[in-house]
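Shown next, in structure tokens, is the structure this report addresses.
So that the names make sense, note that chain A is the first sequence line, chain B the second, and so on, each numbered from 1. This is a predicted model, so every value here is computed, not measured.
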Amino acid sequence: MKENSAEYKFLEIENFWQNHWDANGIFTAKIDISSKKFYVLDMFPYPSGTGLHIGHPEGYTASDIVARFKKANGFNVLHPMGWDAFGLPAEQHAIATGQHPALNTKTNVDNFRRQIKALGFAIDWSREINTTDDDYIKWTQWIFLQLFKHGLAYVAEKPVWWCPALKSVLANEEVIDEKSEGGDHPVERKNMRQWVLRITDYADKLLEGLEDIDWPNSTKRQQIAWIGKSKGAEIDFKIDGQEDKLSVFTTRADTLFGVTFLVVAPEHPILSKIVTAQNQKVVQDYINQAKRKSDLERTDLAKDKTGIFSGSYAINPINNRKIPIWISDYVLITYGTGAIMAVPAHDSRDHEFAKKFALDVLQVISSEDDNATVLFCSDGKLLNSEKYSGLPSAVARQKIIDDLVADNKGRGNINYKLRDWLFSRQRYWGEPVPILWISKEAYEKISSTDSAELKEFLPKKPVTFEKNGEGLFALPLPSKYLPLKLPATSSYLPSDDGESPLSRIKDWLDVYIDVEKCEIISANDVKDPPKHLIKARRETNTMPQWAGSCWYYLRYLSPNCSTNLVDPQAEKYWGYPDLYIGGAEHAVLHLLYSRFWHRFLYDIGTLTHGKEPFTKLFHQGIILGEDGTKMSKSRGNVINPDEIISRYGADSLRLYEMFLGPLAAMKPWNTSGIEGVHRFLKKVWREYIQSDGRLTQFKAVDNQAVSNSLQDTIQKVTADIEAMHFNTAIAQMMIFINGMRQNNGMTLETAKVFLRLLAPFAPHICEELWARSGETSSIYFAKWPTHKGLPIKIDNYKISIQINGKIRGDIPVADNATEDDILASVLKLDGLKKYIDGKSILKKVYVKHKIMNILTN
RNA sequence: GCCCGGGUGGCGGAAUGGUAGACGCUGAGGACUUAAAAUCCUUUGUCCGUGAGGACGUGCGGGUUCAAGUCCCGCCUCGGGCACCA
């Protein structure tokens with residue numbers, strides 16, 4: 001700083017150094033093949049109108065500590081930041097004000113940038129990206145077109161979650177208890193035309209990829225459960241008296257002899273064939289009833305099972321037993337074959353159903369301890385199963401499947417809970433889907449043309465959609481038309497019927513294609529269209545917010561590359577994040593979608609560095625309000641980072657958030673806690689700066705205790721940062737300062753070592769003191785201190801003495817003391833001797849330098 | 001119901017099977033000051049005891065061990081995720 005203030009003027013110091021770092025490009029990352037890289041990534045924020053909340057600095061500070069630590073350890077560090085800026089709030093603001101969402105987004109981004117900069121992170125701001133920038137949209141659309149080209153994007157009319165309040169459809173992952181994930185609005189089922197991405201094609205790859213990445217166990221588990229792979233078999237049951245078969249999916253082929261009825265979902269197409277005339281009316285009533293129920297009601301476990309007999313029977317392929325076919329909404333049409341074989345003795349749901357409708361229960365599995373008789377759902381030994389009786393479940397399962405396969409009555413099969421990813425939204429503020437809809441004839445004409453340009457992203461199999469009896473074909477925009485920008489409009493309101501606001505912008509919507517010239521012309525510019533022009537209409541859906549966040553970690557590597565999504569050289573050097581820090585709430589959304597796109601880009605050769613984007617992931621915990629509940633405006637317990645910084649400074653805020661507790665834990669904010677770390681920083685300051693504002697007269701030689709403590713501190717802080725145990729690292733630095741003060745100070749050399757240890761946590765104050773102690777280069781470039789091997793040899797250890805397992809005191813012992821020496825010392829001390837007097841010693845346990853346990857009768 | 005995590009002073013939290021409660025906060029007492037702020041010192045798990053000292057103590061009940069907050073078995077409870085997925 002310019003003037004040599006005696007006081008710790010944190011605001012001036014922080015402001016000064018932030019400007020200095022910025023102006024001098026201290027954190028600019030450049031490819032340097034002579035040093036190893038380290039890429040630290042934060043989950044980039046959605047720049048909301050309310051600004052940064054106190055949870056943001058938690059994750060960002062953690063990543064910043066690691067970034068600065070790695071830099072000091074010789075790594076070439078990349079630590080970027082950007083904005084996930086598409087999203088509903090900006091659009092709702094636009095609807096309310098008529099102002100273009102880009103304007104509101106810019107205001108919010110500026111505010112976020114100011115707030116994040118005020119925390120002094122070692123971020124390379126020259127790499128800042130924004131998912132709403134045209135240059136960024138271009139590549140998001142390009143990836144979509146690659147997916148399209150490779151047959152992974154298609155259009156389907158399917159039941160989707162429609163949110164009337166948001167006037168948009170939502171992905172499965174975005175719906176929680178029939179409420180929208182954002183805003184908590186009710187959602188309903190509706191049939192609509194949608195873009196869908198075939199993420200299910202990647203189910204197995206997404207599972208396998210989890211095996212060798214360093215992620216929190218719970219997050220891996222969540223993804224595994226979400227993908228929901230189950231191995232089993234499809235078994236064909238002939239319908240009695242008909243040629244038709246009914247296939248069911250089961251993971252328990254070993255219970256096939258225990259099947260006493262079949263159940264089909266009310267939506268199952270076979271119903272038209274199996275419902276007998278006299279059952280027609282009651283079945284129809286039941287189906288209507290089921291239709292009226294919301295999914296929530298249907299899946300409510302508390303409610304009773306309902307169902308109705310179809311009137312038909314099926315034949316069990318393994319023993320030709322005739323069994324009734326029932327209809328019930330506890331069977332889901334969306335999973336497996338929409339039909340199940342019911343084994344009421346060994347499945348709780350089937351059991352419940354059988355009990356309610358008085359159907360047969362036949363036991364075919366016995367448990368090891370044969371206690372469970374009524375309902376036993378685990379594996380066991382088969383009984384009542386003819387030649388399979390006596391076999392363990394796992395063996396019988398395979399044998400039965402094999403035999404069914406040989407008889408052509410079934411086959412092994414795998415089912416997933418994962419559904420394809422619903423990828424379109426009926427909103428304005430998102431990336432337009434770069435597709436034109438044309439007629440079949442036009443599509444054929446383009447397909448057969450010699451010009452490659454229009455066929456750049458053409459898939460092997462056309463994506464088509466039927467609208468009002470007319471077949472429409474999806475034509476991908478050539479890359480020269482990317483980015484497809486959002487057209488200007490004054491009306492951002494989506495319509496109630498699920499059409500995007502883009503569908504009302506006529507002069508954008510309608511275009512002509514000149515096949516010979518490979519040009520797309522706005523319909524506005526064509527008065528009397530010549531015959532050779534092909535009429536086309538743009539797709540009006542936009543992409544979901546996840547699209548931009550799926551690949552942003554790649555764009556940071558070469559944010560200005562205009563020829564590639566990521567510059568191959570940059571990818572080769574920087575690779576992917578070595579550490580990714582962010583909230584656990586994205587466990588199955590962003591983190592699954594992102595892995596899917598990454599795998600895909602790897603498969604098509606766009607990426608070459610590796611199959612998984614995030615090899616090491618860490619979730620920071622949530623910071624609760626002072627009352628221990630979640631921070632919210634309505635509770636009035638929100639802590640504003642701006643206020644904290646103005647009262648205590650950014651260094652105190654950073655230090656406090658790291659000192660609160662383990663990074664991963666959920667923990668409450670406590671304002672007097674931040675006073676504590678602020679006091680610590682003031683104490684540090686006073687050790688370096690005298691009351692006249694000049695540098696302290698440091699000692700010529702450190703006390704033994706101080707130099708020992710310094711070595712301990714180097715060791716502890718280093719190990720703790722590596723393990724991301726920031727709270728205990730800070731505690732150790734406090735111990736050092738307290739102890740050093742009791743020993744009346746330290747040397748300048750020691751003082752500088754300490755600054756380097758503290759700098760990743762509290763960079764501004766350390767940079768200031770570093771400069772004041774005569775250094776001219778930023779502390780960011782200073783090397784991490786190394787500890788000098790083993791601590792100085794100690795001659796006298798204190799060991800604690802247990803008598804019969806109880807701690808009774810401690811005694812000093814020499815390094816080479818024998819058990820008998822120690823016992824002799826113990827017997828010299830009355831306080832210990834009294835426990836042994838009059839008793840005989842049966843045994844001694846001595847753990848060197850730690851403890852001796854003396855056992856008496 | 002199933003799958004993950006947790007449960008330690010007044011509070012946030014420390015503890016490679018080896019002196020439980022580091023560090024910080026809070027509370028109490030004191031120093032400095034005309035006073036306050038700031039700063040510094042002492043003290044702060046519970047109970048018994050004037051004290052020295054003693055007993056108890058890491059959600060509950062068992063167990064393993066010379067020794068258990070830590071390992072094993074069975075519960076209770078809180079948080080998160082999934083939820084009729086056959």
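Residue whose closest nucleotide on RNA chain B sits further toward the 5' end, between A:G338 and A:V677: A:V677.
With its glycosidic angle within 90° of 0, B:rG9 adopts the syn conformation.
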* Would A:M43 and A:E585 satisfy side-chain contact (heavy atoms from CB on, under 4.5 Å), going step by step from the backbone distance to the final call? -> CA-CA 11 Å; A:M43 286 187 187; A:E585 67 273 15; 5.9 Å; no

* What is the per-nucleotide protein-contact pattern of nucleotides 4-14 of chain B, from the 5' end, where B denotes a base atom under 4.0 Å from a protein heavy atom, S denotes such proximity for sugar-phosphate atoms only, and - denotes neither? -> SS------BSS

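If you check B:rU26, B:rU19, B:rA86 against the side chain of A:L332, the one that comes closest is B:rA86. Listed nucleotides B:rC56, B:rG54, B:rG24 differ in distance to A:N738; the shortest reach to its side chain belongs to B:rG24.
Between the side chains of A:Y846 and A:D820, no donor-acceptor pair is found at a separation under 3.5 Å. Between the side chains of A:N415 and A:S230, not a single donor N or O lies within less than 3.5 Å of an accepting N or O. Side-chain contact, A:N670 with A:Y656: no donor N or O sits under 3.5 Å from an acceptor N or O.
By the neighbour-count criterion of 12 heavy atoms within 6.0 Å, atom CZ of A:R321 is densely surrounded, having more than that number from other residues, nucleotides or ligands.
Residue A:S230 places at least one side-chain N or O closer than 4.0 Å to OP1 or OP2 of B:rA86. The phosphate of B:rG53 has neither OP1 nor OP2 within less than 4.0 Å of any side-chain N or O from A:Y835. Under 4.0 angstrom from either OP1 or OP2 of B:rA86 there lies no side-chain N or O belonging to A:Y330.
A salt bridge does not link A:D627 with A:R635: none of the charged nitrogens is closer than 4.0 Å to a carboxylate oxygen.
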Between the protein and nucleotides 35-42 of chain B, list every N/O to N/O distance that falls short of 3.5 Å.
residue: B:rU39; atom: O3'; partner: A:R686; partner atom: NH2; Å: 3.1
residue: B:rC40; atom: OP1; partner: A:R686; partner atom: NH2; Å: 3.4
residue: B:rC40; atom: OP1; partner: A:R741; partner atom: NH2; Å: 3.1

Any protein N or O atoms within reach of nucleotides 64-75 of chain B? Criterion: under 3.5 Å, listing atom names and distances.
residue: B:rC66; atom: O2'; partner: A:N853; partner atom: ND2; Å: 2.8
residue: B:rC66; atom: O2; partner: A:N853; partner atom: ND2; Å: 2.8

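B:rG24 atom P lies 19 Å from atom CE of A:M658, rounded to whole Å.
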